[in-house]
K.L.:
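Below you'll find the structure I mean.
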Amino acid sequence: MAKRETAPSESEWQIMEILWKRNAPMTSLEVIQELRQHTVMTPRMVRVLMNRLCQKGLLSYVIDEHDARVYIYSVLKTKEECLAEKSRRFADSYFAGSFASAAAALLRNADLTEGQMKELEEILEKRRN
């Protein structure tokens, strides 16, 4: 049996980015208004995606005490936790779980600045220690 997907999809990631950036609970209307600047998702689609994010355990919600039609959403997983899961799934799906092969494939096709190469060297050095 396949493990249930808990990482956000590309569309769900856009919603999570808004919540991570705000770093505070938001209503779906607030998310919809923020998304209008970046995408053409319908309000209905945003609400469907937010429901999926709740089912995946990435968001939680409480019902507004003054208006039972308003849900207030909070983030349950950090961006770093989601990136780690996405990375694991990527390596598992395309590189038989080998992070080294995944990184090598990405790096072979990247035009890196000196600063980016130094950053990668520092990451590797930390991993050695």
Side-chain angles (χ1 to χ4, degrees):
M1 180 195 256
K3 188 178 178 187
R4 189 175 78 105
E5 180 65 48
T6 59
S9 68
E10 190 173 330
S11 296
E12 292 165 347
W13 195 275
Q14 291 178 313
I15 292 167
M16 293 300 293
E17 283 284 359
I18 288 168
L19 288 152
W20 286 322
K21 183 179 172 187
R22 172 75 68 90
N23 198 25
M26 295 177 75
T27 66
S28 59
L29 182 58
E30 291 172 321
V31 172
I32 289 164
Q33 290 171 340
E34 184 71 27
L35 271 173
R36 280 193 181 139
Q37 300 171 26
H38 311 287
T39 186
V40 293
M41 268 190 256
T42 66
R44 184 179 187 290
M45 178 54 83
V46 173
R47 286 185 178 95
V48 166
L49 293 173
M50 291 180 80
N51 185 45
R52 285 188 195 156
L53 288 164
C54 288
Q55 291 171 359
K56 289 180 175 184
L58 299 171
L59 293 181
S60 67
Y61 67 87
V62 294
I63 298 171
D64 187 289
E65 62 186 49
H66 304 292
D67 186 345
R69 298 170 297 170
V70 177
Y71 290 33
I72 303 166
Y73 294 87
S74 298
V75 171
L76 293 176
K77 282 193 176 182
T78 66
K79 186 174 185 175
E80 291 72 25
E81 289 171 317
C82 290
L83 284 170
E85 184 172 345
K86 282 276 196 194
S87 298
R88 276 191 303 279
R89 292 220 180 240
F90 177 71
D92 289 345
S93 295
Y94 300 103
F95 299 94
S98 171
F99 280 96
S101 295
L106 292 170
L107 291 171
R108 280 189 198 104
N109 298 304
D111 292 325
L112 299 173
T113 65
E114 279 298 319
Q116 290 167 327
M117 286 190 273
K118 183 164 178 45
E119 183 181 349
L120 289 170
E121 289 168 353
E122 289 170 1
I123 291 168
L124 288 172
E125 191 59 37
K126 279 185 187 175
R127 295 297 297 172
R128 280 189 192 102
N129 300 331

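Computed from a predicted model, the values in this text were never measured in an experiment.
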K.L.:
If you compare all heavy atoms of Leu112 against all heavy atoms of Gln116, which two are closest, and at what distance to 0.1 Å?
P.N.:
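Here Leu112 and Gln116 meet closest at CA-OE1, 3.3 Å.
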K.L.:
In this structure, are over 12 heavy atoms from other groups packed under 6.0 Å from Asn129 atom CG?
P.N.:
yes
K.L.:
Measure the spacing between CH2 of Trp13 and CG of Leu58 and express it to the nearest 0.5 Å.
P.N.:
9.0 Å
K.L.:
Step by step, work out the salt bridge (charged side-chain N to carboxylate O under 4.0 Å, His left out) result for Glu34 and Arg22.
P.N.:
CA-CA 10 Å; Glu34 184 71 27; Arg22 172 75 68 90; 5.1 Å; no
K.L.:
About how many Å separate OG1 of Thr6 and CD of Gln55, when rounded to the nearest 0.5 Å?
P.N.:
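Between atom CD of Gln55 and atom OG1 of Thr6 there are 13.0 Å.
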K.L.:
Check Ser11 against Met41 and note the closest heavy-atom contact, atom names and distance.
P.N.:
O-CE, 3.9 Å
K.L.:
Heavy-atom distance under 4.5 Å between the side chains of Met50 and Tyr71, does that happen here?
P.N.:
no
K.L.:
Same hydrophobic cluster for Val46 and Val70, using side-chain heavy-atom links shorter than 4.5 Å among ILVMFWY?
P.N.:
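No.
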K.L.:
Heavy-atom distance under 4.5 Å between the side chains of Leu35 and Ile15, does that happen here?
P.N.:
yes
K.L.:
Take atom CD in Glu119; do more than 12 heavy atoms of anything else shown fall under 6.0 Å from it?
P.N.:
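At most 12 heavy atoms, drawn from other residues, nucleotides or ligands, come within 6.0 Å of this atom.
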K.L.:
Determine the sole option in Val62, Ile72, Val75, Leu19 for which the side chain to side chain contact (heavy atoms under 4.5 Å, CB included) test with Pro25 is passed.
P.N.:
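Result: among Val62, Ile72, Val75, Leu19, Ile72 is the only option passing the side chain to side chain contact (heavy atoms under 4.5 Å, CB included) with Pro25.
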K.L.:
Mind listing the closest non-hydrogen atom pair of Ser87 and Phe99 along with its distance?
P.N.:
O-CE2, 3.7 Å
K.L.:
Taking all non-hydrogen atoms of both residues into account, name the closest pair between Ser9 and Lys86 and its distance.
P.N.:
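Smallest heavy-atom distance, with atoms named: CA-NZ, 4.2 Å.
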K.L.:
Check this for me: does any side-chain nitrogen of one of Lys126 and Glu122 sit under 4.0 Å from a carboxylate oxygen of the other?
P.N.:
no
K.L.:
Determine whether Arg52 and Val48 make a side-chain contact, defined as any pair of heavy atoms from C-beta on separated by less than 4.5 Å.
P.N.:
yes
K.L.:
Are Leu29 and Leu59 in one and the same hydrophobic cluster, where Ile, Leu, Val, Met, Phe, Trp and Tyr link if side-chain heavy atoms are under 4.5 Å apart?
P.N.:
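In one cluster: no.
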K.L.:
Quick one: name the residues clustered hydrophobically with Phe90, using the 4.5 Å side-chain heavy-atom rule over I, L, V, M, F, W, Y, and just say none if it's on its own.
P.N.:
Tyr94, Phe95, Leu106
K.L.:
For the CE atom on Met117, are there more than 12 heavy atoms of other groups (residues, nucleotides or ligands in this structure) within a distance under 6.0 Å?
P.N.:
yes
K.L.:
Which heavy atom in Lys56 sits nearest to a heavy atom in Pro8, and how many Å separate them?
P.N.:
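Minimum heavy-atom contact is NZ-CA, 4.1 Å.
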K.L.:
With the threshold set at 4.0 Å, does a side-chain nitrogen-carboxylate oxygen contact exist between Lys118 and Glu121?
P.N.:
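Looking at Lys118 and Glu121, the cut-off is not met.
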K.L.:
Rounded to the nearest 0.5 Å, what separates atom CE in Met16 from atom CD in Gln14?
P.N.:
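Nearest 0.5 Å value for the CE-CD distance: 13.0 Å.
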K.L.:
Is a salt bridge present between Arg89 and Glu85, judged by a nitrogen-to-oxygen distance below 4.0 Å?
P.N.:
yes
K.L.:
Side-chain heavy atoms nearer than 4.5 Å, only ILVMFWY residues, links allowed to pass through others: does that put Ile32 and Met45 together?
P.N.:
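Shared cluster, yes.
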K.L.:
To the nearest 0.5 angstrom, please state how far the OG atom of Ser60 sits from the CG atom of Leu53.
P.N.:
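These two atoms lie 11.5 Å from each other.
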K.L.:
Parallel, tilted or perpendicular: which one describes the rings of Tyr73 and Tyr61, with boundaries at 30° and 60°?
P.N.:
tilted
K.L.:
Before you tell me yes or no, could you show the steps for Asp64 and Thr27 under side chain to side chain contact (heavy atoms under 4.5 Å, CB included), namely the whole-Å CA-CA distance, both residues' side-chain angles and the distance that decides it to 0.1 Å?
P.N.:
CA-CA 9 Å; Asp64 187 289; Thr27 66; 6.0 Å; no
K.L.:
For a quick test of reading the model, state the closest non-hydrogen atom pair linking Cys82 to Lys77 and the distance between them.
P.N.:
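Closest pair (atom of Cys82, atom of Lys77, distance): SG-CB, 4.0 Å.
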